[in-house]
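For reference, the structure discussed in these notes is given below.
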Amino acid sequence: MNVDLLAHPAEEVAPRLLGSVLTCKTPEGTVSIAITETEAYSGTADPASHAYRGRTPRNAAMFGPAGHLYVYRSHGLHWCANIVTGTDGIASAVLIRAGRVIEGEDLARKRRGEKVESPRLARGPGNFCQALGITAEHDGADLLTGTSVMLSEGESVPAALIQVGPRVGVSRAHDWQHRFYLAGDPTVSAYRLSPRAKPSAGA
């Protein structure tokens, strides 16, 4: 994966990441997942972004450089992984919402549960990270030159298969059309409107 492909606004990079592959190597083994669903978050200009109110120790990785990983804890339960995009110093990232396990399925199932069906192993951002083995220790990791977690180009995705819609589960700017996913793919998570969501201006 070339950094030039990531050095653009999140909403431009998010659909391009569909079909790309995230690989994580741990002492347990290696898991690779092809990305099937993403969401773009535009930093300080985006009310739903963690960086909306500026830089903090928690969101520092989101400010760049592009090609690094921003990992955060969701609701104190699940780790979520974002690929940092855009210009160094300006917050911009793409949340990885779902994917298809293409290597290390046995290990992914061990982490997620033996009875979990294959399409559900990495469906949803928390499940994606659990299946892959992503934790807080990977926050800030270089995806392009690193050895433990890596981003690579996968199979090309036809533009006709890419669907666009509102973001899932956020209360602010939820109706921005910044969610991208593969049409009809069983690994894509279900859309859920936050009960706290209010109408907002589109982007």
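Side chains included, hydrogens not; waters and symmetry mates left out as well; all remaining heavy atoms used. No experiment lies behind these values; they were computed from the predicted model shown.
Summarising the geometry, atom OG1 belonging to Thr36 is positioned 5.5 Å from atom CG belonging to Leu182; distances are rounded to the nearest 0.5 Å. Rounded to the nearest 0.5 Å, atoms CG (Leu6) and CG (Leu151) are 6.5 Å apart. Here OG of Ser49 is found 12.0 Å from CD of Glu39. Values are rounded to the nearest 0.5 Å. Taking CG from Leu132 and CG from Asn127, the interatomic distance works out to 12.0 Å, rounded to the nearest 0.5 Å.
The backbone N or O of His78 lies less than 3.5 Å from no partner atom in the side chain of Gln130, so there is not a single donor-acceptor pair. Panel note: side chain Asp142, backbone Thr145; a donor-acceptor pair is recorded below 3.5 Å. Checking side-chain atoms of Arg109 against main-chain N and O of Leu121 turns up no donor-acceptor pair under 3.5 Å. With hydrogens and angles disregarded, a donor-acceptor distance shorter than 3.5 Å links the side chain of Glu37 to the backbone of Ser189.
Two residues are said to be in side-chain contact when any heavy atoms from C-beta on lie closer than 4.5 Å; Val71 and Cys129 fail this criterion. At least one side-chain heavy atom of Leu69 sits less than 4.5 Å from a side-chain heavy atom of Ile134. Side-chain atoms of Leu22 and Phe128, non-hydrogen and from C-beta on, do get closer than 4.5 Å to each other.
By the 4.5 Å side-chain criterion applied to Ile, Leu, Val, Met, Phe, Trp and Tyr, Tyr181 is assigned to a cluster that also includes Val188. Under a 4.5 Å side-chain heavy-atom cut-off, the cluster of Ile, Leu, Val, Met, Phe, Trp and Tyr residues that includes Ile102 is completed by Val21.
Here the shortest heavy-atom pairing between Thr44 and Ala51 reads CG2-O, 3.1 Å.
Arg112 meets the salt bridge (Lys or Arg N to Asp or Glu O under 4.0 Å) test with no other residue; sequence neighbours excluded. Scored by the salt bridge (Lys or Arg N to Asp or Glu O under 4.0 Å) test, Arg120 finds no partners at all (sequence neighbours excluded). Taking the side-chain contact (heavy atoms from CB on, under 4.5 Å) definition, one finds that Thr135 meets it with Trp79, Glu137, His138, sequence neighbours left out. Scanning for side-chain contact (heavy atoms from CB on, under 4.5 Å) contacts around Glu155 gives an empty result, with sequence neighbours left out. With sequence neighbours excluded, no residue forms a salt bridge (Lys or Arg N to Asp or Glu O under 4.0 Å) with Asp139. Taking the side-chain hydrogen bond (donor to acceptor under 3.5 Å, both in side chains) definition, one finds that Asp88 meets it with nothing, sequence neighbours left out.
Counting only residues at least two apart or in different chains, salt bridge (charged side-chain N to carboxylate O under 4.0 Å, His left out) contacts with residues 180-189 comprise Arg100-Asp185. Applying the salt bridge (charged side-chain N to carboxylate O under 4.0 Å, His left out) definition to pairs two or more places apart or across chains, those involving residues 46-57 are Asp46-Arg167. Pairs of residues two or more places apart, or lying in two chains, that qualify as ring-ring contact (aromatic ring centres under 6.0 Å, His included) and include a residue from residues 31-50 are His50-Tyr70, His50-Tyr72.
Donor-acceptor pairing under 3.5 Å is recorded for the side chains of Glu105 and Ser118.
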Enumerate, atom names and distances included, each donor-acceptor pair closer than 3.5 Å involving a side-chain atom of residues 10-18, sequence neighbours excluded.
residue, atom, partner, partner atom, Å
Glu11, OE1, Ser42, OG, 3.2
Arg16, NE, Glu12, O, 3.4

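Within 6.0 Å of CD on Glu103 lie more than 12 heavy atoms contributed by other residues, nucleotides or ligands.
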